[in-house]
Enquirer: 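Before I ask anything, let me first share the structure, which is written out below as structure tokens.
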Amino acid sequence: MPKKGRVFSGARPTGRQHLGNYLGAIKNYVAMQADYDCVYCIVDLHALTTLEEREDLRQNTVDMALDWLAAGIRPEETILFVQSHVPEVTELHTILSMFTPLGKLTDLPTFKEKVAQQPHNVNYGLVGYPVLMSADITLYKADAVPVGVDQASHIEFTREVVRTFNHRTGRPVLVEPQMKNTEYPKVLGTDGVNKMGKSLNNHIEISGTPEETQKRVMTMVTDPQRQRRTDPGRPEVCNVFTLHKTFTPGDEVAAIDTACRQAGIGCVDCKKKLAANINAHFADFRERRAALASDPNHIRDVLADGAGRARDIARATMAEVRDAVGLP
Ligand code: SF4
């Protein structure tokens, strides 16, 4: 069956992945392989704009790649690589920056948010972030980029850069990527309020041991109105129940719903069930991950091979780009 085109997606190296990463991105990455030629990139250069702990970068990159591979990314067909291993992206970033008005970058809400978050470190990389992202996408001539609602403006930015470049050079060298609208479920953390994330330490790692997983699940906030075991609960406001809907068979979910409302089950038992089901769900994944992690050379080879294939595309694109802008 012919594929529908090339998809590009990049993610910052955040290390061991959690349930939010898995449900919000990795599952979709794996599924897209059936329909598209996929180019998946671990964007380590982007991480430098905010990273304080630089030593973590290498380990985080390896950990993330291990999780993606164990979850079902197939490197023999998908190009999986690390952004900085294809240095052409920095050259394209420089060239595209000449086609980007500065005011457009400083007006972006995402830039203003970053300035508010780290006023002590408003570096050039933060301003140029969307240009580097446009270089990521266009270097590989991606036809489509999966986006959630909150990322649509970034892709629109890339489309504008492409139109400007192609118009001003008079050469239709760069491909205007389409937005592949994707539902990214918002997964709440163990606090039951905020999106799951490492910075808030409210996450549950998919590669954790069964004991670690249970420990994290037992800290989850439940229905705040349920003070005692005898109080009836409200599953609809409880994040434990939300995760049951993903990891627990449907008939059991219905039984938990009823039992919770009638105070027929305590939150401790309910959480133990959830932890057991999460552990069962990821048992094969964890075995595959452990096997991959036992051979560090293998993961290095996979990423090097991906970078080699990505670089073949990048070199061809850059030859056209240099020619289009008149570089000798
Ligand atoms: Fe949530 Fe389960 Fe407790 Fe009900 S019994 S409030 S669903 S943890």
Side-chain angles (χ1 to χ4, degrees), residues 11 14-31 63-64 66-68 70-72 148-151 182-290:
T14 50
R16 288 173 178 264
Q17 303 286 276
H18 54 64
L19 291 181
N21 302 131
Y22 176 74
L23 299 173
I26 300 173
K27 270 182 83 172
N28 187 40
Y29 280 6
V30 173
D63 278 331
M64 193 155 121
L66 284 171
D67 280 346
W68 286 11
V149 184
D150 54 344
Q151 299 144 326
T182 308
E183 282 287 319
Y184 288 106
K186 185 177 173 189
V187 180
L188 297 181
T190 51
D191 54 17
V193 179
N194 297 296
K195 197 173 160 188
M196 188 175 285
K198 286 193 168 177
S199 56
L200 294 173
N201 194 25
N202 66 357
H203 60 293
I204 299 169
E205 287 179 353
I206 58 177
S207 59
T209 63
E211 295 72 28
E212 286 164 347
T213 303
Q214 172 151 336
K215 207 169 158 193
R216 299 295 286 192
V217 170
M218 296 315 282
T219 68
M220 287 181 75
V221 173
T222 63
D223 175 3
Q225 280 185 23
R226 195 171 188 210
Q227 302 287 331
R228 290 176 299 269
R229 167 72 176 76
T230 48
D231 292 339
R234 300 170 300 164
E236 68 276 11
V237 300
C238 177
N239 192 32
V240 175
F241 187 72
T242 304
L243 290 184
H244 267 301
K245 286 195 271 187
T246 300
F247 294 105
T248 300
D251 51 343
E252 278 183 50
V253 174
I256 291 169
D257 185 299
T258 307
C260 174
R261 291 180 197 286
Q262 298 170 352
I265 183 172
C267 292
V268 170
D269 287 338
C270 189
K271 289 177 183 178
K272 280 184 184 164
K273 256 185 209 286
L274 175 63
N277 290 339
I278 292 174
N279 286 329
H281 184 94
F282 288 106
D284 291 346
F285 159 87
R286 288 169 183 170
E287 256 183 48
R288 285 192 297 273
R289 192 190 195 281

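These numbers come from a predicted model, not from an experiment. Each ligand, and each atom within it, is numbered from 1 in the order the structure gives. In what follows, every heavy atom counts, from backbone to side chain, and hydrogens, waters and symmetry copies are set aside.
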Enquirer: Are R16 and D67 ion-paired here, with the side-chain N under 4.0 Å from a carboxylate O?
Expert: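 Looking at D67 together with R16, the answer is no, because their closest N to O distance does not fall below 4.0 Å.
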Enquirer: Please say which of R286, E211, Q214 ends up in a side chain to side chain donor-acceptor pair (under 3.5 Å) with N279.
Expert: R286
Enquirer: Would you check, one step at a time, whether the test salt bridge (Lys or Arg N to Asp or Glu O under 4.0 Å) holds for D223 with R261?
Expert: CA-CA 11 Å; D223 175 3; R261 291 180 197 286; over 6 Å; no
Enquirer: What protein N/O/S atoms lie closer than 2.8 Å to atom 3 (Fe) of ligand 1?
Expert: C267 SG
Enquirer: Give the ring-plane orientation class for F247 versus F282, where under 30° counts as parallel, over 60° as perpendicular and anything between as tilted.
Expert: tilted
Enquirer: Between the side chain of Q262 and the main-chain N/O of C260, is any donor-acceptor distance below 3.5 Å?
Expert: no
Enquirer: Any side-chain to backbone donor/acceptor pair from D191 onto V221? Under 3.5 Å, distance only.
Expert: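 Absent.
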